[in-house]
Undergrad: 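One structure, as structure tokens, below. Some questions next.
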Amino acid sequence: MASKRDYYEVLGVSRNASKEDIKKAYRKLARRFHPDLNPGNKEAEEKFKEIQEAYSVLSKDEKRKAYDMYGSAEFQPGARTTWAWTEGAPEGFEFNFGDFSGIEDIVGEVFGTRESARARRKGRDLEYQIEVDFETAIKGGSKDITITRESNCSVCNGSGIRPGASTKTCSKCKGSGKGPSGIFNISRTCNVCGGTGKISTDPCQSCSGSGRKALTETISVKIPPGVDNGSRVRVQGKGQVTRGTGIPGDLYLIVKVSPHPIFQREQNDVFIDVPITIYEAALGARISVPTVDGAVVVTIPPGTQNGTKLRLRGKGVPHLKNKERGDQYVVVKIVLPEQINENSKKRFEELAKTSPYNPRKHLEKYIR
């Protein structure tokens, strides 16, 4: 038999921890690894099983004393001390839930309430892709979208039974509306009656007895400032609705930002290519430049080179968390006139003679 981790280590408490400290540690870990919050996650299931095992021993004075003296071997089949073993428990361990009166109370503790597990069951989350324009991605806004999701049938309220029809107790769950859940024996919704505890041979005609119907609706969603390609926007309660009285899941919108004709974005900074004349580059100038907040006047220093980046502080994209804005960079592009007349050509020739310079001088040593 494989050796077990130290129970104190499992719960993350010291060996002299009080019962209250042990309970607090257990609740914190139960919230994190509970199977209802980690559907299909085998690693979380194993971790939850380990947490339950450690807590059921350390929460009881007699068992904790035996563990401190003899270790986990004292709680395996064939040990010196006789404990009450639960049939089917892994490796002979008894899953005892300590101070809680039942598994629904445990789920209630995990969620900070005494509601039943069935009432707190959450529906599946949905994902939709949403495309927003460049300006909305930066400044935020709202957008109307149409979604389709499963909801409870409005005729039978999710029961799947025709209103007024006679019913009988579900043979699988014996009317409890709950079914077992694997090695933890955690009660979950019965998959035959959908948690109602009742079945009928006279199904609801509106939903064909499924208790579910597709619901198409248009909703207005808020787009926070600073979203980018791949950002996830959460819309609470707009996911799938569980059959019965569960909690709706959430809707997650995966953002795609439309490209802009003149602006480019790199993280929280915005870039724009701005053409200037050779005269403006040589002599300097003051020009009007577009920004996401409107036009601003930018000074072009005399002798500006092609590709120079001029920084406009705080004219970029706000950070999603702290709202601090990035910058905008004006990338200078020197553009020559498409056609040069004879008069201009002569002036350029005179300028070349009176102000000669060689921009390729650094390449001369490589020319053979």
Side-chain angles (χ1 to χ4, degrees), residues 1-122 176 178-189 236 245-247 250:
M1 184 180 297
S3 60
K4 293 180 177 290
R5 285 179 62 197
D6 180 82
Y7 289 157
Y8 292 99
E9 180 184 341
V10 169
L11 296 181
V13 297
S14 64
R15 301 190 74 85
N16 60 355
S18 66
K19 292 184 70 172
E20 185 61 29
D21 289 338
I22 290 173
K23 180 180 286 188
K24 287 181 180 178
Y26 164 75
R27 287 175 176 171
K28 180 179 179 181
L29 293 170
R31 289 189 184 96
R32 180 179 176 186
F33 295 102
H34 196 283
D36 284 350
L37 299 179
N38 299 274
N41 188 331
K42 297 298 182 183
E43 184 178 349
E45 285 187 4
E46 291 300 317
K47 184 68 176 177
F48 184 73
K49 179 178 69 174
E50 187 179 42
I51 294 165
Q52 289 293 117
E53 179 177 330
Y55 179 71
S56 67
V57 170
L58 298 184
S59 63
K60 297 296 184 181
D61 293 337
E62 186 180 1
K63 289 186 177 183
R64 182 177 179 181
K65 183 177 180 180
Y67 177 76
D68 290 342
M69 294 179 64
Y70 305 109
S72 60
E74 185 68 8
F75 299 90
Q76 308 308 314
R80 295 183 318 101
T81 305
T82 301
W83 301 98
W85 305 105
T86 298
E87 184 178 358
E91 298 185 2
F93 186 82
E94 176 194 6
F95 282 100
N96 183 321
F97 295 111
D99 294 340
F100 301 105
S101 58
I103 189 60
E104 290 190 1
D105 286 340
I106 288 182
V107 175
E109 288 286 347
V110 169
F111 289 100
T113 174
R114 288 286 180 177
E115 289 184 76
S116 69
R118 181 170 54 148
R120 296 295 298 176
R121 197 162 59 92
K122 185 179 179 182
S176 69
K178 305 165 189 174
S181 177
I183 61 174
F184 302 113
N185 291 326
I186 296 176
S187 297
R188 294 186 180 176
T189 301
Q236 190 172 5
T245 58
I247 302 172
D250 298 327

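Positions are given from 1, in the same order as the sequence printed here. Quantities reported herein were computed from a predicted structural model and do not represent experimental measurements.
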Undergrad: Do Tyr55 and Arg27 get their side chains close enough for a donor-acceptor pair, meaning under 3.5 Å?
TA: no

Undergrad: Just wondering, do Val13 and Lys24 contact through their side chains at under 4.5 Å, heavy atoms?
TA: no

Undergrad: Indicate yes or no: at least one non-hydrogen side-chain atom of Arg32 is less than 4.5 angstrom from one of Phe48.
TA: no

Undergrad: Suppose we screen for salt bridge (Lys or Arg N to Asp or Glu O under 4.0 Å). Which residues come up paired with Glu43, at least two apart in sequence or across chains?
TA: none

Undergrad: Can you tell me how far CZ of Arg5 sits from CG of Leu11, rounded to the nearest 0.5 angstrom?
TA: 9.5 Å

Undergrad: Going by side chain to side chain contact (heavy atoms under 4.5 Å, CB included), Phe33 matches just one of Glu45, Lys47, Lys28. Which one?
TA: Lys47

Undergrad: Test Lys49 against Glu46 for salt bridge (charged side-chain N to carboxylate O under 4.0 Å, His left out), laying out the working first.
TA: CA-CA 5 Å; Lys49 179 178 69 174; Glu46 291 300 317; 3.0 Å; yes

Undergrad: In Å and rounded to the nearest 0.5 Å, what is the CG to NE2 distance from Asn41 to His34?
TA: 13.5 Å

Undergrad: Just jot down the side-chain hydrogen bond (donor to acceptor under 3.5 Å, both in side chains) partners of Asn16, sequence neighbours excluded, or say none.
TA: Ser14

Undergrad: Nearest heavy-atom pair of Ile51 and Leu29: which atoms, and what distance?
TA: CD1-CB, 3.5 Å

Undergrad: Are any non-hydrogen side-chain atoms of Arg64 and Tyr8 less than 4.5 angstrom apart?
TA: yes

Undergrad: Could you work out, with salt bridge (Lys or Arg N to Asp or Glu O under 4.0 Å) as the rule, every residue matching Asp21, not counting sequence neighbours?
TA: none

Undergrad: Can you find a pair of side-chain heavy atoms, one from Glu62 and one from Lys65, that are under 4.5 Å apart?
TA: no

Undergrad: Can you see whether Tyr7 engages Asp68 through a side-chain donor-acceptor pair at a distance of less than 3.5 angstrom?
TA: no

